[in-house]
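Below is one structure, written out as structure tokens, with a few remarks after it.
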Number of protein chains: 2
Amino acid sequence: MSLRHILLGLLDEPKSGYDIKQLFNKIFRHFWSAELSQIYPALSQLERDGLSRSHNEASAKGPARRVYKRTAQGTRTHKAWLRAGPEVGKDRVSYLTQVFFLDAVPAAERLAFLTDLRQHFADELEELREVDRNWAAEDQRYPDQLPDESLYKQFTLRLGLKKIAATVAWCDECIEVIKASIKKRPKV
Amino acid sequence: MSLRHILLGLLDEPKSGYDIKQLFNKIFRHFWSAELSQIYPALSQLERDGLSRSHNEASAKGPARRVYKRTAQGTRTHKAWLRAGPEVGKDRVSYLTQVFFLDAVPAAERLAFLTDLRQHFADELEELREVDRNWAAEDQRYPDQLPDESLYKQFTLRLGLKKIAATVAWCDECIEVIKASIKKRPKV
DNA sequence: GGCCCCATGTAATGGGTTACATGATTGC
DNA sequence: GCAATCATGTAACCCATTACATGGGGCC
């Protein structure tokens, strides 16, 4: 369960489940996500395990918030996770399993599939570039003079940009190959 | 459940659960995986649903094999999956969640973490390049004259190579930045 | 009045991993 | 004799998604 570790990482400052969901939507979007229905039980489990503590807080608008912060024990667990070395899980790229079998449908549909895919990643790339631009606008030190506490966050953004740009370029190459094959054999 | 669709895709020719696991280890390694304990129940479920049929077959070595092949209904379901458009799931990149929080440990450990990561992906890249070379050696038509039935399989390999190469390059950049910061402030 | 945002949770279900159980054949 | 490969499966558990349930406050 890696969500536990992410939560611990975020709980250096007090946060509610709702706060964390917002962060997932904004900052982690390109490499992690979780639903509120998973976050809330995970937070209370952390507390049962002595890794975090919580208290209620009045909210400006809406019901009371339950904010969690990690304990010293939680901080130790968090560091141990980082020190255990990189978790290189098996990637599961659903759309690639589809591409693998794509010759089962007519050429026109294959082209449409990859055009769809390209559109999706081009949009995602544009979103990430916007995050990048906004960050640069907000912080004078961006990107070369960042302090450690934001440098590693920037690294994750950099990889997102690289990988998604590579994926868009790959879509374009595939589309070219398919178009060329349609020209040669219009009825295949 | 995407495993069902992958299984259907593979069952155009008769295959056993064991055969499929081999394929996962060899061909799908860089974008999908599944355990035998997941594959066997999924295969019998496909049969219960009328999407595949099986029979026993004597094996050269070891116990009898149960080989499955998809039915006409299975083929229709498979094509419907492809026609439903790209499944762009949320990526979950565990090691990026770690990089995000990596400033929590001393600079020397951060460097070790990224060196580890680089090694992992450099190895993975080398494996994929080997697959690429072997394929080229076995098929005269590789890579530009491939027929449709192998072209799309080659596309998946191409993206694997691109993404992993981008990841290795990213590791190198991060490592350079960390080394530079250690030189400037040796005790941070 | 209706919609969106704030805010927290439970229940049912789906999907996946790890551990367990069994047993034959081949090669060293 | 022992390890590796071939071969199939079950059971327990973990993790994640979807659906359900509830309710206040602000804005148009």
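Quick note on labels: first sequence line is chain A, next is B, and so on, each numbered from 1. Worth knowing before you read on, the calculation uses all heavy atoms, side chains too, and leaves out hydrogens, waters and symmetry mates.
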Here the distance between atom P of dT5(D) and atom NZ of Lys21(B), to the nearest Å, is 14 Å

The nucleotide from dG16(C), dG9(C), dA7(C) with an atom nearest the side chain of Pro63(A) is dA7(C)

Atom NE2 of His5(A) and atom C1' of dC15(D) are separated, to the nearest Å, by 13 Å

The salt bridge (Lys or Arg N to Asp or Glu O under 4.0 Å) partners of Asp132(A) (sequence neighbours excluded) come to Arg158(A)

Lys90(A) NZ to dT18(C) C1', in whole Å, measures 11 Å

Which of dG9(C), dT8(D), dG16(C) is nearest the side chain of Arg66(B)? It is dT8(D)

Separation of dT5(D) atom C1' from Arg65(B) atom CZ, nearest Å, is 13 Å

- Message: Donor-acceptor check, side chain of Asp49(A) to backbone of Leu46(A), threshold 3.5 angstrom: yes or no?
- Response: no

Comparing Gln22(B) with Ser2(A), nearest DNA chain D nucleotide closer to 5' gives the residue Gln22(B)

In whole angstroms, the gap separating P of dA19(C) from CD of Gln38(B) amounts to 16 Å

_Measuring only between side-chain heavy atoms, which start at C-beta, is Ser44(A) closer than 4.5 Å to Tyr68(A)?_
yes

Taken to the nearest whole Å, CG/Leu36(B) to P/dG15(C) is 19 Å

From CD of Glu87(A) across to C1' of dC15(D) the rounded distance in Å is 14 Å

- prompt: Between Trp170(A) and Phe155(B), how do the two ring planes meet: parallel, tilted or perpendicular, split at 30° and 60°?
  reply: perpendicular

Q. Is Ser16(B) side chain donor-acceptor paired with the dT8(D) base, going by distance under 3.5 Å alone?
A. no

Testing dC6(C), dT18(C), dA19(D) for proximity to the side chain of Glu35(B), the answer is dT18(C)

Considering only heavy side-chain atoms of Arg92(A), the closest of dA7(D), dG16(C), dT10(D) is dG16(C)

SB check Arg118(B) Asp172(B) (cutoff 4.0 Å) = yes

Closest of dG9(C), dG16(C), dT17(D) to the Tyr40(A) side chain is dG9(C)

To the nearest angstrom, the OH-C1' distance between Tyr18(A) and dG9(C) comes to 14 Å

Out of dA11(C), dT8(D), dA7(C), minimum distance to the side chain of Ser37(A) belongs to dA11(C)

